[in-house]
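What follows is a set of notes on a single structure, which appears directly below.
By convention here, the first residue in the shown sequence is residue 1.
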Amino acid sequence: MGRFLKILISADMEGATGVTWPADVLPGTPQWERCRALFTSDVNAAVLGFYDGGADEVLINEAHWSMRNLLLERLDSRAQMLTGRHKSLSMVEGVQHGDVDAIAFVGYHTAAGTEGVLAHTYLANSITGVWLNGKRASEGLLNAHVVAEYGVPVVLVTGDDLTCVDADGYAPAARKVAVKDHVSRYAAVCRTPERTAADIRSAAKEAAALAHRHEPVDGGPFTVDLEFDAAHLADASTVVPGVAPSGERRVSYTSPTMYEAIRTFKAVTTIASSAVEEQYG
């Protein structure tokens, strides 16, 4: 008998087919309702491809905003979906249980302060840059370091073309699919959902062959630097133990593991977002 193969999909929305501006991803807007179907199509294509490649189980972790965006009724019946907020590992929840062989980042995007469609890191705005051990960090880079501590490789990344370039830096062996080409933060040359579904399914099938757990990576300690667009947000975030000012509008902290680093990051972004005032930030 062959080994049992389980794949986790971390599904974000800004990098989905056809998505180019805020209303496409903000829950409750008419455009979001329309783009939910496009987002679901991308994720379902990955599900189908992984099963084509021999997966026995696929778990989808909703990772965007309210984490209640995907249309469950349109997913392949073999898959399961983890939906809703307040999860221990947020975007990569589920990787920590020791039964995941690989992870896919579907619908991802580039980092705050860089070129890319709807580029940001965790907060839609307010954060102008995040650095991990001195390297500018996207959500993909941060999450790749988290899953590495559990011995789980990133085998597939989808998003705009610049997201695929970013992924070359943290998951060089992973299959990449560009569903659109960046023009500006709010514009892209988009492929049709029929084409992107076919491309993602094909890449996921190939990616299944890369799904092999490795020894957990102990890459710590991890120093995280965050830069905000307003001084009061940096000041507010220092209420989190271990987080200290490190420059104008900047804070920094160091964690022994990426598990602790990402949880502190969640706390910092939660505190900072609560300090944002309408219009003035």
Checklist entry - Should the heavy atoms of other residues, nucleotides or ligands under 6.0 Å from CZ of F4 be counted, would the total exceed 12? => result yes

Next on the checklist: Between H232 and A275 (side chain of the first, backbone of the second, donor and acceptor by atom type, cut-off under 3.5 Å), is there such a pair?
Outcome noted: yes

Checklist entry - Of L226, V240, L233, which is the lone residue that meets side-chain contact (heavy atoms from CB on, under 4.5 Å) with V251? => result L226

Checklist entry - Where is the tightest heavy-atom contact between H64 and V25, given as atom of each residue plus distance? => result NE2-O, 2.8 Å

Item to check | Heavy-atom check, side chain of T121 versus side chain of F265, under 4.5 Å | outcome: yes

Next on the checklist: With side-chain contact (heavy atoms from CB on, under 4.5 Å) as the criterion, how do D99 and E57 come out once you've worked through the C-alpha distance, each side chain's angles and the decisive distance to 0.1 Å?
Outcome noted: CA-CA 10 Å; D99 60 347; E57 183 178 345; 5.6 Å; no

Next on the checklist: If we ignore hydrogens and angles and just use 3.5 Å, is the side chain of S274 paired with the main-chain N or O of I271 as donor and acceptor?
Outcome noted: yes

Checklist entry - With distance as the sole test, does R175 use its side chain to make a donor-acceptor pair with the main-chain N or O of A173 at under 3.5 Å? => result yes

Next on the checklist: Taking NZ in K176 as the centre, count heavy atoms belonging to other residues, nucleotides or ligands within less than 6.0 Å. Is the count above 12?
Outcome noted: yes

Checklist entry - Do V58 and Y51 have side chains that get closer than 4.5 Å, going by heavy atoms? => result yes

Next on the checklist: Is there a continuous path of hydrophobic side-chain contacts, each under 4.5 Å between heavy atoms, that joins I7 to M81?
Outcome noted: yes

Checklist entry - Would you say W131 and L123 are hydrophobically clustered, going by side-chain heavy atoms of ILVMFWY under 4.5 Å? => result no

Next on the checklist: Under a 3.5 Å cutoff, is there a donor and acceptor pairing between the side chains of D225 and S252?
Outcome noted: yes

Checklist entry - Less than 4.5 Å apart, any side-chain heavy atom of F228 and any of V268? => result yes

Next on the checklist: Any carboxylate oxygen within less than 4.0 angstrom of a Lys/Arg side-chain nitrogen, looking at D101 and R3?
Outcome noted: yes

Item to check | Audit row: T196, T17, side-chain hydrogen bond (donor to acceptor under 3.5 Å, both in side chains) steps and yes/no | outcome: CA-CA 7 Å; T196 58; T17 294; 2.8 Å; yes

Checklist entry - So, are D181 and R191 salt-bridged, with charged N and O less than 4.0 Å apart? => result yes

Checklist entry - Hey, quick one: are L82 and M91 part of the same hydrophobic cluster, counting side-chain heavy atoms closer than 4.5 Å, chains of contacts allowed? => result yes

Checklist entry - Side chains of V224 and S255: closer than 4.5 Å at any heavy-atom pair? => result no

Item to check | Interatomic spacing from CZ in R78 to CG in D56 - rounded to 0.5 Å | outcome: 10.5 Å

Checklist entry - Can you tell me if R195 uses its side chain to pair, donor with acceptor, with the backbone of V179 under 3.5 Å? => result no

Checklist entry - Are the side chain of R213 and the backbone N or O of V100 linked by a donor-acceptor pair below 3.5 Å? => result yes

Checklist entry - How far does OG1 of T158 sit from CD1 of I200, to the nearest 0.5 angstrom? => result 4.5 Å

Checklist entry - Taking atom types as modelled and ignoring hydrogens, do the side chains of T254 and T223 form a donor-acceptor contact shorter than 3.5 angstrom? => result yes

Checklist entry - When you check the gap from the basic side-chain N to the acidic O, do E260 and R263 get nearer than 4.0 Å? => result no

Checklist entry - Which heavy atom of D42 sits nearest a heavy atom of G15, and at what distance? => result OD2-O, 4.5 Å

Checklist entry - In this structure, are over 12 heavy atoms from other groups packed under 6.0 Å from E73 atom CD? => result yes

Checklist entry - So F39 and V19, side-chain contact (heavy atoms from CB on, under 4.5 Å) or not? Walk me through it. => result CA-CA 8 Å; F39 180 32; V19 167; 6.0 Å; no

Checklist outcome for this item: So CG of L141 and NZ of K135: to nearest 0.5 Å the spacing works out to 5.5 Å

Next on the checklist: Using side-chain heavy atoms (C-beta onward) and a distance below 4.5 Å, is M13 in contact with W65?
Outcome noted: no

Item to check | Option among N143, D166, D160, T163 that satisfies the side chain to side chain donor-acceptor pair (under 3.5 Å) test with Y108 | outcome: N143

Checklist entry - Can you hop from V165 to V106 via hydrophobic side chains spaced under 4.5 Å? => result no

Checklist entry - So, the side chain of E93 versus the backbone of S88: is there a donor-acceptor pair under 3.5 Å, distance only? => result yes

Checklist entry - If you take all heavy atoms of I9 and A46, which pair is closest and at what distance? => result CD1-CB, 3.9 Å

Next on the checklist: Between H86 and M67, does the side-chain contact (heavy atoms from CB on, under 4.5 Å) criterion hold? Intermediate values first, please.
Outcome noted: CA-CA 9 Å; H86 310 302; M67 300 185 177; over 6 Å; no

Checklist entry - Tell me the ring-ring contact (aromatic ring centres under 6.0 Å, His included) pairs involving residues 153-198, sequence neighbours left out? => result none

Item to check | Any donor-acceptor pair under 3.5 Å from Y253 side chain to P241 backbone | outcome: no

Checklist entry - Atom CG in D24, atom OG1 in T29: separation rounded to 0.5 Å? => result 7.0 Å

Checklist entry - Is L72 linked to V43 within one hydrophobic cluster, defined over Ile, Leu, Val, Met, Phe, Trp and Tyr using a side-chain heavy-atom separation of less than 4.5 Å? => result yes

Checklist entry - Side-chain contact, heavy-atom cut-off 4.5 Å: K87 with N61? => result yes

Next on the checklist: Counting only heavy atoms not in R74 (residues, nucleotides, ligands), do more than 12 fall under 6.0 Å from its CZ?
Outcome noted: no

Checklist outcome for this item: Correct closest heavy-atom pair for L48 and R201 would be CB-NE, 3.6 Å

Checklist entry - So do L132 and M258 actually touch side chain to side chain, heavy atoms under 4.5 Å? => result yes

Item to check | Stepwise side-chain contact (heavy atoms from CB on, under 4.5 Å) check, T20 with C190 | outcome: CA-CA 9 Å; T20 60; C190 297; 3.9 Å; yes

Item to check | Side-chain donor or acceptor of R68 paired with backbone N/O of E62 under 3.5 Å | outcome: no

Checklist entry - Looking at CG of L210 and NE2 of H212, how far apart are the two atoms once the value is rounded to the nearest 0.5 Å? => result 7.5 Å

Next on the checklist: Counting C-beta onward and ignoring hydrogens, is there a side-chain heavy-atom pair between T83 and L70 closer than 4.5 Å?
Outcome noted: no

Checklist entry - Could you give the distance from CZ (F50) to CG (D76), rounded to the nearest 0.5 Å? => result 13.0 Å

Checklist entry - Checking E14 side chain against A119 main chain: does a donor-acceptor pair fall under 3.5 Å? => result no

Checklist entry - Is W21 atom CH2 crowded by more than 12 heavy atoms from other residues, nucleotides or ligands, each under 6.0 Å away? => result no

Item to check | Non-hydrogen atoms of V92 and L8 that approach each other most closely | outcome: O-CD2, 4.0 Å

Checklist entry - Any sub-3.5 Å donor-acceptor pair from R36's side-chain atoms to N69's backbone N or O? => result yes

Checklist outcome for this item: Scanning both residues in full, the closest heavy-atom pair of R185 with H120 reads NH2-CB, 4.0 Å

